[in-house]
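Each remark here refers to the structure printed beneath this line.
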Amino acid sequence: MSYNFREIEAKWQKYWAENETFKAVNDSDKPKFYALSMFPYPSGAGLHVGHPLGYIATDIYSRYKRHKGFNVLHPMGYDSFGLPAEQYAIQTGQHPAITTENNIKRYREQLDQLGFSFDWSREVRTSNPQYYKWTQWIFIQLFNSWYNKKSDKAEDISTLISVFEKEGNANVMAACDDDTPKFSAGEWNHFSEKEKQEILLKYRLTYLADIEVNWCPALGTVLANDEIVNGVSERGGHPVIRKKMTQWSMRITAYAQRLLDGLDKIDWPQPLKDSQTNWIGRSEGASVTFNVMNASDAERLPAGQAGSRSDKEVISTPLNHQYRIEVFTTRPDTIFGVSFMTLAPEHDLVAKITTPEQKAAVEAYVEATSKRSERDRMADVKTVSGVFTGAYAEHPFTKEPIPIWIGDYVLASYGTGAVMAVPCGDQRDYDFAKHYNIDIPNIFEGVDISEEAFADKATTIIANSDFLNGLSYKDATKKVIAELEKIGHGVGKVNYRLRDAVFSRQRYWGEPFPVYYVDGMPQMIDLEHLPLELPEVEKYLPTETGEPPLGNATNWAWNIEQCTVVNNQLIDHKTVFPLELNTMPGWAGSSQYFNRYMDPRNDEAIFSKEAIDYWQDVDLYIGGSEHATGHLLYSRFWQKFMFDRGYVPKDEYAQKLINQGMITGTSAFIYKDLDSNKVYSKGLKEGKNVIPIHADVSLVNASDELDVEAFKKWQPEYQDAEFILEDGKYIVGREVEKMSKSKYNVVNPDAICEEYGADSLRLYEMFLGPLEQSKPWNTAGITGVYSFLKKLWKLYSVYIDGSQSGVEAEPTAENLKTLHKTIKKVEEDIENFSFNTSVSTFMICVNELTAQKCTSKAILEPLAILVSPYAPHIAEELWERLGHTESIAEAPFPKFEEKYLVESSKEYPISFNGKVRFKLEFPLDMDKGEIEAAVLAHEKTIDQLQGRSPKRIIVVPGRIVNIVE
RNA sequence: GCCUUGGUGGCGGAAUUGGUAGACGCGCUGGAUUCAAAAUCCAGUGUCUUCGGACGUGUGGGUUCGAUUCCCACCCAAGGUACCA
């Protein structure tokens, strides 16, 4: 009876589903293990062979842990809100929910045929109202929280209110908006309700803010940076402008330091930790305040000459204390090298301080900058541009006037949007100063700055800097911060690159905010009325007035008496109020899904206390590295918030994370002659004027030969082309590229399963190479693992065909040795996530046992368990044929016993000067001296030495002998 | 530029603590079986070679009895990031 994978795989998939073999329970005496794969967005294209790689790895580990006696949680679900379904809806009018439902169905079929041990009873879909009810709930919790820097955690907003009532906000240390005013308890208690709400909004962990966005009027939508190419929209090429819009924002910056610190506690890949570290971008330095000088005095100063003036009269003139410029600098030690200041063109002060003479130039420059995207400005490093405002700031120590410029190399979104320019110490400032002929005072000892700026902190010795002279970077920084604090002009500060995260999207297919507006102030809908379900709309585009798609809904107003959604026409701002029109971004639904899996059908809470106490956190999380600074950062933020508020026991949700590598495609090319109707085989293209054309990889065999007839059928325009063959074959060129439809190199798992089976596919995906590395797919190689499975099947033939002869045969020492070295290696491999080497080990094991003609049950039973995590269908079938009536899923993993591997002798490699010449066998208990004597006495050694006497002999017992001549 | 990861046969890759480089598989060559093909099985397969050997893990040095492995410098590729003050 031959290996019929179709029958076997269908049989066991059905068995697992019917018997709920992989259903996890929330209470068990067994230790818990939570293995998680990143859930997919169900796209219309379905899965290609690259997608299941991580799922297979997680599945192998899950199955292994079951054999090891763990209660394993291995769930799967769908990140089912997203743009493609909405785009499709805009084009066709089909509701995104229908598209999504269809795509999920297709995904499920594809996943099912791969034999994963998912607990499907726990499936979640982020677009399901029963799920997003809890996404809305978390949003409300964030709204009702503030970040107390004293306790260093999020607290309920009520604790903040009670402080305000007692003592105002003078002593409150909180993460809040920069423009939060100071007030006393008395003032607070006299604020109107609306004023109080406005203040509180500046403290809440999710808040409304006016944020500058890339607005595309023609599309009526906000665009992400990468949707803009050369200042116009990628789709349609429409103009894009920077515009302020009121958006929900998440105060992730409150957690910047903890997100950084937490990285030390978790076993995540170093490159991923590094990209999060860079993203958070901590820098230490100082915040320094410069007073802006009175405009009338500034007029009397020539531009660019500020540093050299000593006009006592001017300096003693009263300053315009109305305006102050705050800068952040990582080099406060260079403060005496400041020769100008640069503001971002968007900076609030620009309009206020610009002198009448400079007004026209400044306005033109600001206007021009507003048309450039931030990315555009950052990408252009070569062009130096800027305009003088006509205004001057006063140096906090020297009291010298410093000209204030604006320049687009300063970004409003980083730091304070202003820099103190030290041209001798910063290359950008240097270039700017050179370009506009501004002074470049040298404040470094023994450094030539005639060609470029000097930025090496390690060798810095400060000069020409009053009280800082002769100090190193470190000492000068310390001292200058102390002095700045003394004169009230600055303070030591840690700055983060991380920005608060914009949480509003002008989209339809996302979670609605549980928010309505009373007198312009946001109000949360009570939990008992959630979920607030997405309304039906006629059109999925923005409205004619530029409102988000939910603006098209006719039933989208909140009645506070009935607590239901009602028709917009009923809005009276007394009992019926407008609802929020934005929806949440893609990362909302994925930021706590791993916890929801613990108790996914709970309608009373996001999860029960029992469930979270039992499962705690994710033990193993596998997914792509492309989520490094998106999902994987936001989800850590929400987890820390949930931890602060006492909902979860761990402030990091995934102990170990592995990034699976990308599977790339192996594209095939034909070579079309540009001068004739000929198509040359790869070996004949030299010297010809050819261009490579993609051929579909399914038309090429393992030897790179193209099926020319099939190709002509596929691309009829080549019907009459002449294919020039070599040795009667057309050989294609090969190149590794990203797997993509347009490159005709996409390989579909369905086709592989149909031809070789899921077990072959699973083994082959692992066999390709290390999990973390990216590697090219080439279907040709799968025959190797397929014939391995056939050999494995054959090894069990006495049990399969029922002859049963030799069943009781005692295993030989050889059999046991083969088995136990396999157990040892496979167990080590799985623990190290080195799945590729396990597959090789299985092949060696089966080859050896076949050569040994092994039929012993004592060997074949444990072997089936070893194979089971990798190739579960065949393992189940063999297990059954061996006489078992229960699934193999929880059969105990075989125990490795060293005694079967103990050898009595070793074949020593005998090397001369490190080069192996021959081998000699000695007992392992032979000591160094005996081995040395035996080697030296051997005729081959004498022959090799040719009468020379060796200088030294190294004997490493059990390893090697090296003779040094 | 900076950070990270990697570079081993025709290809994917293996090599546990510094100890026999190239396991395992694909492909290729030859053979068996077959009317033939597929499938299967057997043997061979790093390069060069005067058949003694010599060379060989990106390049050049170093440490060592011995280096794919450790150290230094450099080159290349992939991913991340960037007027970040």
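Throughout, a chain's letter reflects where its sequence line sits, starting with A, and its residues are numbered from 1.
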Nearest-Å distance once atom P is located in both B:A38 and B:U33:
16 Å

Return whichever of A:Val785 or A:Arg952 has its heavy-atom-nearest nucleotide of RNA chain B closer to the 5' end.
A:Val785

Using a cut-off of strictly less than 4.0 Å, decide whether A:Arg497 has a side-chain nitrogen or oxygen near OP1 or OP2 of B:A85.
no

Side-chain contact check for A:Pro776: nearest option of B:C26, B:A85, B:G12 is B:G12

Base-paired stems that RNA chain B participates in, counting runs of 3 or more Watson-Crick or G-U pairs under 3.5 Å
B:1-7 with B:75-81, B:10-12 with B:24-26, B:27-32 with B:40-45, B:46-48 with B:53-55, B:58-62 with B:70-74

Could I get a table of every N or O pair under 3.5 Å where one atom is in the protein and the other is in nucleotides 14-21 of chain B?
from, atom 1, to, atom 2, distance (Å)
B:A14, OP1, A:Asn836, ND2, 2.9
B:U20, O2, A:Lys919, NZ, 2.8

Looking at the angle O4'-C1'-N9-C4 for a purine or O4'-C1'-N1-C2 for a pyrimidine, is B:G52 syn or anti, with syn meaning within 90° of 0?
syn

For A:Asn847, report the nucleic acid contact type (base, sugar-phosphate, nothing); a contact means any heavy atom under 4.0 Å.
sugar-phosphate

Would you mind calling B:G61 syn or anti? Take O4'-C1'-N9-C4 for purines or O4'-C1'-N1-C2 for pyrimidines, and syn is within 90° of 0.
anti

Which is true for A:Ser625 with a 4.0 Å heavy-atom rule: it touches a base, it touches only sugar-phosphate, or it touches nothing?
nothing

Can you check the distance between B:U20 and B:A67, where both ends of the measurement are the P atom (answer in whole Å)?
11 Å

Inter-nucleotide C1' distance (B:A23, B:A15), Å rounded:
8 Å

Using the six-membered ring wherever Trp is involved, compare the ring planes of A:Tyr870 and A:Phe842 and label them parallel, tilted or perpendicular (cut-offs 30° and 60°).
perpendicular

If every non-hydrogen atom of A:Lys493 is compared with every non-hydrogen atom of A:Ser287, which pair is closest and at what distance?
CD-CB, 3.8 Å

Between A:Glu754 and A:Arg6, is there a salt bridge with N-O shorter than 4.0 Å?
yes

Could you tell me how far B:G22 sits from B:G7 if I compare only their C1' atoms? Round to whole Å.
16 Å

Inter-nucleotide P distance (B:U17, B:C2), Å rounded:
32 Å

Can we say A:Lys928 and A:Glu932 salt-bridge, meaning some charged N sits less than 4.0 Å from an Asp/Glu carboxylate O?
no

Of A:Asn495 and A:Asp274, the one whose nearest nucleotide on RNA chain B sits closer to the 5' end is A:Asp274

Name all pairs fulfilling the side-chain hydrogen bond (donor to acceptor under 3.5 Å, both in side chains) condition that reach into residues 768-779 of chain A, sequence neighbours left out, sorted by first residue then second.
A:Trp777-A:Thr779

For the P atoms, the ones on B:G13 and on B:G79, what distance do you get once it is rounded to whole angstrom?
16 Å

Considering only heavy side-chain atoms of A:Ser787, the closest of B:U40, B:G25, B:U81 is B:U40

Length of the line joining A:Leu771:CG and B:G13:C1', which is rounded to integer Å:
15 Å

Using the C1' atoms only, state how far B:G9 lies from B:C24, rounded to an integer number of Å.
14 Å

State, without any angle test, whether A:Glu755 and A:Tyr786 hold a side-chain donor-acceptor pair at a distance under 3.5 Å.
no

Salt bridge check: are A:Glu903 and A:Lys817 linked by an N-O gap of less than 4.0 Å?
yes

Are A:Lys790 and B:U40 close enough that a side-chain N or O sits under 4.0 Å from OP1 or OP2?
yes

Going by atom types alone, do A:Asp500 and A:Thr253 pair a side-chain donor with an acceptor below 3.5 Å?
yes

Applying a 4.0 Å non-hydrogen cut-off, can you work out what A:Arg282 is touching in the nucleic acid: base, sugar-phosphate, or nothing?
nothing

Please give the distance between the C1' atoms of B:A39 and B:G56 as a whole number of Å.
38 Å

Just wondering, do A:Tyr908 and A:Ile960 contact through their side chains at under 4.5 Å, heavy atoms?
no

A:Ser275 side chain: which of B:A54, B:G80, B:A85 is closest?
B:G80

Using a heavy-atom cut-off of 4.0 Å across all strands, would you classify A:Val419 as base, sugar-phosphate, or nothing?
base

Rounded to the Å, how far apart are A:Arg499 CZ and B:A85 C1'?
13 Å

Main chain of A:Ala628, side chain of A:Gln276: is a donor-acceptor contact present, judged purely on distance under 3.5 Å?
yes

Using atom CG of A:Leu763 as one end and atom P of B:G13 as the other, report the distance to the nearest whole Å.
17 Å

So A:Tyr436 and A:Phe432, would you call those rings parallel, tilted or perpendicular, with 30° and 60° as cut-offs?
tilted

Rounded distance in Å - NZ (A:Lys682) to P (B:C11):
10 Å

How many Å lie between CG on A:Asn778 and P on B:C11, as a whole number?
13 Å

Exceeds 12 heavy-atom contacts within 6.0 angstrom, atom NZ of A:Lys273
yes

Value in whole Å for how far the P atom of B:A85 lies from CE of A:Met420:
12 Å

Would a distance-only check, ignoring hydrogens and angles, find a side-chain to backbone donor-acceptor pair under 3.5 Å from A:Gln852 to A:Thr818?
no

Atom OH of A:Tyr786 and atom C1' of B:A38 are separated, to the nearest Å, by 12 Å

Polar atoms only, N or O, under 3.5 Å: list the protein pairs with nucleotides 31-33 of chain B and their distances.
none

Once ring-ring contact (aromatic ring centres under 6.0 Å, His included) is applied, do any residues pair with A:His489, and if so which ones, sequence neighbours excluded?
none

With the criterion being N/O to N/O and under 3.5 Å, what pairs connect the protein with nucleotides 27-29 of chain B, and how long is each?
from, atom 1, to, atom 2, distance (Å)
B:G27, O3', A:Ser703, OG, 3.4
B:C28, OP1, A:Ser703, OG, 2.6

So, A:Asp429 and A:Tyr409: side-chain donor and acceptor under 3.5 Å apart, yes or no?
yes

Is the ring centre of A:Tyr414 less than 6.0 Å from the ring centre of A:Phe328?
no

Can you measure A:Phe842 atom CZ to B:G13 atom P for me and round it to whole angstrom units?
20 Å

Would you say the side-chain atoms of A:Thr837 and A:Ser840 include a donor-acceptor pair closer than 3.5 Å?
no

